[in-house]
Amino acid sequence: MKYIATYGLILAVVMISGCPSNIFSTRPPERPRRGETTNVETVKQPLYKKPDFKAEKKEPGINPVDARLALARTYIDENKYNKIPPILEEINQMEPTNREAAELANQVYYRIGLDFYKNREYVASRDALSRVAPDYKNAKSLLASVGLIIDQLADAHYKKGVKYFINEELESAIREWEKVLSLNPGHQKAAEDIENARQLLNKIKKINQQPKP
C-alpha cells in the first residue's frame with residue numbers, strides 16, 4: 001500500500017505539471033529529424049562575413065562605412081592587422097574619399113610592411129609599403145631600403161645562375177633566374193636567359209633521345 005500511494009502521488013504531480021504521460025518510459029528519446037533543431041543546438045557564425053552592401057543601405061540607422069571603420073579600429077587594438085586590408089578595400093568601394101579610411105590605411109600597411117621587413121620577407125614588405133603615403137613616418141626611406149635589398153638579392157641570384165650555366169648545369173641556372181624574376185619581374189636579362197637555357201635543354205634532350213648507331 002505504501003508503494004501504491006507513492007506511485008499515485010508521483011502520477012498526480014506529473015499530471016498537474018503537464019509532463020508527458022510516458023515519463024517513466026525506458027525508450028530512448030527520438031532524434032530530431034533532418035532540418036529540425038533542438039533547443040541546445042548552437043549556430044556557428046563566421047568571424048567576418050563579406051557584407052551585402054545593398055541590404056545594409058536599406059536598414060535604417062546603419063552606416064556601413066562607420067561600421068567597418070569601427071571594426072578596423074578594433075582589430076588595430078587587438079594587433080590583428082592582417083584582418084584589416086579586406087575591410088579597407090570594402091570602404092574604398094563604398095566611399096573612396098573617406099579621410100579616416102586613408103589614415104587607417106597608412107597605419108595598417110606601414111605596420112604590415114614593417115613586420116614583413118623584420119621577417120626578411122622583402123617582396124611582401126615592398127608590396128605593403130608601396131601603398132603607404134611617402135610622407136607617413138619613414139615609409140619613403142624604408143621602402144627605398146627594401147628596394148635596395150631586393151635588387152642586391154636579385155643580382156646575387158642572377159650571377160649564381162650564370163655560374164651554373166657556364167658549368168652546364170642548366171636546370172640549376174633556370175631555378176636561380178626564376179628567383180630573380182620573383183624578386184624583380186621586370187628583369188629582362190633573366191627572362192631572356194631562362195628562355196635560352198630552356199631551348200638548349202630541349203635540344204640536348206632530343207639528342208639524347210636519338211637511337212644510338
Side-chain angles (χ1 to χ4, degrees), residues 46-51 53 64-65 67-166 169-198 201:
L47 293 177
Y48 184 70
K49 183 179 179 181
K50 191 172 182 179
F53 298 151
V65 173
R68 282 161 183 75
L69 288 172
L71 181 60
R73 289 191 293 268
T74 298
Y75 283 144
I76 289 176
D77 293 338
E78 297 173 353
N79 290 323
K80 296 179 180 179
Y81 287 86
N82 60 320
K83 291 181 175 291
I84 302 175
I87 302 174
L88 295 176
E89 293 294 333
E90 292 172 1
I91 296 175
N92 186 59
Q93 292 178 22
M94 293 182 287
E95 194 175 316
T97 59
N98 188 283
R99 186 172 181 179
E100 184 177 355
E103 295 174 354
L104 285 177
N106 285 331
Q107 181 181 353
V108 169
Y109 286 113
Y110 177 84
R111 174 61 181 271
I112 292 175
L114 185 61
D115 288 343
F116 278 130
Y117 177 80
K118 292 178 180 179
N119 292 329
R120 299 184 179 182
E121 299 179 49
Y122 299 115
V123 174
S125 177
R126 178 188 61 192
D127 294 343
L129 291 172
S130 63
R131 306 189 67 169
V132 181
D135 58 347
Y136 183 81
K137 294 187 176 181
N138 64 332
K140 184 177 181 179
S141 60
L142 183 58
L143 182 59
S145 298
V146 171
L148 180 61
I149 293 173
I150 289 175
D151 290 341
Q152 292 173 346
L153 291 173
D155 186 60
H157 284 298
Y158 180 79
K159 291 179 179 178
K160 194 173 181 180
V162 171
K163 291 181 180 179
Y164 279 128
F165 185 83
I166 294 173
E169 299 179 46
L170 300 181
E171 293 181 351
S172 296
I174 291 173
R175 283 195 293 269
E176 289 299 320
W177 290 331
E178 286 177 340
K179 292 177 182 178
V180 174
L181 293 180
S182 67
L183 293 167
N184 180 10
H187 199 292
Q188 188 65 29
K189 195 68 174 68
E192 293 174 356
D193 290 343
I194 288 174
E195 184 63 26
N196 293 333
R198 285 174 176 167
L201 268 178

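The shortest heavy-atom contact between Val146 and Tyr122 is CG1-O, 3.3 Å. Across all non-hydrogen atoms, the minimal contact from Val123 to Ser182 is CG2-O, 4.0 Å. When all heavy atoms are compared, the tightest approach of Ile84 to Lys80 is CG1-O, 3.7 Å. Among all heavy-atom pairs drawn from Trp177 and Tyr158, the shortest one is NE1-O, 3.2 Å. For the residue pair Val132 and Ala128, the shortest heavy atom distance occurs at CG2-O, 3.7 Å. Summarising the geometry of Gln107 relative to Ile76, their closest heavy-atom pair is NE2-CG2, 3.6 Å, with the distance given to 0.1 Å.
By the 6.0 Å contact criterion, CD on Glu171 is open, its count of non-hydrogen atoms from other residues, nucleotides or ligands being 12 or less.
Within the model, atoms CZ of Phe165 and CG of Asn196 stand 7.0 Å from one another, a figure rounded to the nearest 0.5 Å. Residue Ile174 holds its CD1 atom at 9.5 Å from CD of Glu195, rounded to the nearest 0.5 Å. In this structure, Glu121 CD and Ile112 CD1 are separated by 12.0 Å, a value rounded to the nearest 0.5 Å. Distance check: Asn138 CG to Leu114 CG gives 8.0 Å after rounding to the nearest 0.5 Å. In this structure, CD on Gln152 lies 10.5 Å from CD1 on Ile150, to the nearest 0.5 angstrom. Between Glu89 atom CD and Arg68 atom CZ the span is 13.0 Å, to the nearest 0.5 Å.
With sequence neighbours excluded, the residues forming a ring pair (Phe, Tyr, Trp, His ring centres under 6.0 Å) with Tyr110 are Tyr136, listed by chain and number. His157 pairs by the ring pair (Phe, Tyr, Trp, His ring centres under 6.0 Å) definition with nothing, not counting sequence neighbours.
Among residue pairs with one or both ends in residues 94-105, those qualifying as side chain to side chain donor-acceptor pair (under 3.5 Å) are Arg73-Glu100, Glu95-Asn98; sequence neighbours excluded.
Ionic pairing of Glu176 and Lys179 is present here: one or more N-O contacts between side-chain nitrogen and carboxylate oxygen are shorter than 4.0 angstrom.
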